[in-house]
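The next block holds one structure in the form of structure tokens; read it before the comments.
Whatever order the structure lists them in is the order used to number ligands and atoms, beginning at 1.
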Amino acid sequence: MSDFTSGFWPLYISVITALSIIGTWVFIRSQTTRKLQPGEKPELIGHTWDGDLQDFDNPLPRWWLGLFYGTLIFAAVYLVLWPGMGNYAGLLGWTSLQEYEDEVKAAEAKFQPVYAGFMKQDVATVAANPEAHAIGRNLYLTYCSQCHGSDAAGAKGFPNLTDHDWLYGGDADTIRATITDGRAGMMPAMGEALGPEGTKEVANYVLSLSGRKHDARLASAGQQKFADNCAACHMPDGSGMAAMGAPKLTDKVWLYGGSEASIIESIAKGRNGVMPASSQTLGTTSNREAKLHLLTAYIYGLSQQK
Ligand code: HEC
Ligand code: HEC
């Protein structure tokens with residue numbers, strides 16, 4: 001397959017490459033053909049540096065010329081064997097894609113038996129296995145750490161995976177479902193429906209649920225509004241609903257921040273955290289099922305440690 005979209009560029013590159021090699025050869029020959037005749041003294045070139053450093057017109061040393069011609073020959077041989085001259089594929093037929101595929105095949109063959117062993121075990125057993133934990137950690141760092149952090153402790157909008165607090169659930173099947181299909185938290189924007197004052201009231205009620213500092217008058221005004229607008233997803237007591245991924249609002253764990261300002265922002269503008277499905281995170285990598293299994297066990301194991 002050609003990487004070029006137009007037939008002009010391969011030609012352009014080939015001509016420039018060939019001309020520079022030939023041109024360099026011709027130039028260096030033209031500078032080195034004249035030998036000193038017996039008895040002839042090398043000419044002194046006009047400049048003198050540092051008081052007494054002078055420049056003679058001696059022939060270039062042979063070893064140096066040898067190196068120079070060597071690089072030119074190397075370039076020519078390289079360009080015959082490997083791709084480099086525009087579209088020409090090279091006598092060896094090497095491609096970076098083929099090299100990559102060969103490496104993947106070798107890795108697959110190496111890991112296949114290891115993976116097959118773990119596939120026979122349930123998630124809890126795999127989670128307790130140190131070798132599986134090490135592989136799971138590598139997979140996690142490759143496919144998940146950019147969002148959940150290298151320590152899996154999460155960040156604003158990206159849940160902590162090492163605690164016992166789950167949006168969707170921390171049992172093996174739910175974790176596997178989360179990784180396989182992804183998740184999309186749908187917290188609707190309610191700023192307009194509630195108005196600025198109403199939003200502040202509900203926010204203070206939410207603050208009161210976890211015993212945070214709040215304005216008691218605003219909170220009691222917000223209580224009914226919470227029951228009317230929020231309880232359907234966050235439950236009447238604010239304990240959250242795993243099926244919706246609606247967070248528990250009664251604890252100290254906040255996905256988007258527990259300050260009054262952050263809570264008001266969550267309510268007014270809504271929140272839509274997206275966990276991509278494994279088709280995006282894992283792509284079509286080899287041993288996909290096994291990776292899913294090991295990742296599930298790794299995440300499951302993280303929250304079991306504490
Ligand atoms: C592009 C960013 C991104 C990547 C990559 C990503 N996640 Fe997530 N993940 C999220 C977000 C955002 C959420 C929260 C979704 C929500 O708010 O509803 C989440 C949620 C989760 C949850 C649910 C947590 C809970 O409390 O129920 C698990 C488990 C999880 N991710 C595991 C993984 C694993 C394992 C990988 C790697 C295969 C991964 N994630 C890769 C962004 C990401
Ligand atoms: C349709 C269901 C639904 C309704 C109704 C709803 N929420 Fe939510 N809420 C969610 C979901 C789902 C999330 C998590 C969003 C995410 O994962 O990105 C969330 C997130 C939040 C958060 C952020 C929590 C954190 O840990 O940072 C707050 C605060 C919140 N909701 C408060 C409210 C309040 C107050 C109301 C009523 C005015 C309300 N929600 C109505 C589903 C809902």
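- Here the side chains of Trp166 and Thr174 are not in contact, with every heavy-atom distance at 4.5 Å or above.
- For atom 8 (Fe) of ligand 1, the set of nearby N, O or S atoms under 2.8 Å includes one belonging to His148.
- If you look at Leu255 next to ligand 2, the close heavy atoms, those under 4.0 Å, come from the backbone and the side chain alike.
- Counting heavy atoms under 4.0 Å from ligand 1, residue Val274 touches it through the backbone alone.
- For atom 38 (C) of ligand 1, the closest heavy atom belonging to the protein is Cys144 SG, 2.7 Å.
- With atom 6 (C) of ligand 2 as the reference point, the heavy atom nearest to it among Arg183, Met187, Lys225 is part of Met187.
- For atom 14 (C) of ligand 1, the closest heavy atom belonging to the protein is Pro159 CD, 3.4 Å.
- Contact analysis leaves Gly245 out of contact with ligand 1, as no non-hydrogen atom separation drops below 4.0 angstrom.
- When side chains are defined from C-beta on, Glu197 counts as touching Leu218, because their heavy atoms get closer than 4.5 Å.
- Residue contacts with ligand 1, taken as heavy atom pairs separated by less than 4.0 Å, involve Pro276 solely via side-chain atoms from C-beta onward.
- Using the six-membered ring where Trp is involved, Tyr140 and Tyr298 have ring planes that are tilted, between 30° and 60° apart.
- Here Pro188 has side-chain heavy atoms under 4.0 Å from ligand 2, and that is the only part of it that gets that close.
- When each atom of ligand 2 is checked for a heavy atom of Cys230 under 4.0 Å away, the hits are 34 (C), 35 (C), 36 (C), 37 (C), 38 (C), 39 (C), 41 (C).
- Nearest protein heavy-atom contact of atom 18 (O) of ligand 1 is Tyr168 OH, 2.4 Å.
- Using a 4.5 Å heavy-atom cutoff, the side chains of Arg271 and Glu265 are in contact.
- For ligand 2, the polar-atom distance check against Gly273 finds a nitrogen or oxygen pair separated by under 3.5 Å.
- Every atom of ligand 2 is numbered from 1 in the order shown, and the set under 4.0 Å from a heavy atom of Gly185 is 16 (C), 17 (O).
- Near Val202, meaning under 4.0 Å from one of its heavy atoms, ligand 2 places the atoms 35 (C).
- Those atoms of ligand 1 with a heavy atom of Leu161 less than 4.0 angstrom away are 22 (C), 24 (C), 28 (C), 29 (C), 30 (C), 32 (C).
- Between Trp254 and Ile263 the shortest side-chain heavy-atom distance falls below 4.5 Å.
- Below 4.0 Å from some heavy atom of Asn272 lie the following atoms of ligand 2, by number and element: 18 (O).
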Kindly determine whether Lys213 and Glu260 satisfy salt bridge (charged side-chain N to carboxylate O under 4.0 Å, His left out), including the steps that lead there.
CA-CA 9 Å; Lys213 210 166 111 318; Glu260 186 182 2; over 6 Å; no
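- Ligand 2 places these atoms under 4.0 Å from at least one heavy atom of Cys233: 1 (C), 2 (C), 3 (C), 4 (C), 5 (C), 42 (C), 43 (C).
- Here Ser266 has side-chain heavy atoms under 4.0 Å from ligand 2, and that is the only part of it that gets that close.
- Atoms of ligand 2 lying under 4.0 Å from any heavy atom of Met244, numbered from 1 in the order shown and given with element: 1 (C), 2 (C), 12 (C).
- Atom CZ of Arg176 sits about 10.5 Å away from atom CG of Leu295, to the nearest 0.5 Å.
- Below 4.0 Å from some heavy atom of Met190 lie the following atoms of ligand 2, by number and element: 37 (C), 38 (C), 41 (C).
- The shortest N or O to N or O distance between Tyr256 and ligand 2 is below 3.5 Å.
- Considering backbone and side-chain N/O of His234, one or more are found under 3.5 Å from N/O of ligand 2.
- Heavy atoms from both the backbone and the side chain of Leu167 come within less than 4.0 Å of ligand 1.
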Side chain to side chain contact (heavy atoms under 4.5 Å, CB included) between Leu79 and Tyr88, intermediate numbers included:
CA-CA 9 Å; Leu79 288 170; Tyr88 171 64; over 6 Å; no
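- Using cut-offs of 30° and 60° for the angle between ring planes, the Trp9 and Tyr12 rings count as perpendicular.
- Under a 4.0 Å heavy-atom criterion, Leu194 is in contact with ligand 2.
- Residue Arg271 approaches ligand 2 through these ligand atoms, each under 4.0 Å from one of its heavy atoms: 15 (C), 18 (O).
- With hydrogens left out, the protein atom closest to atom 1 (C) of ligand 1 is Cys147 SG, 2.7 Å, a heavy atom.
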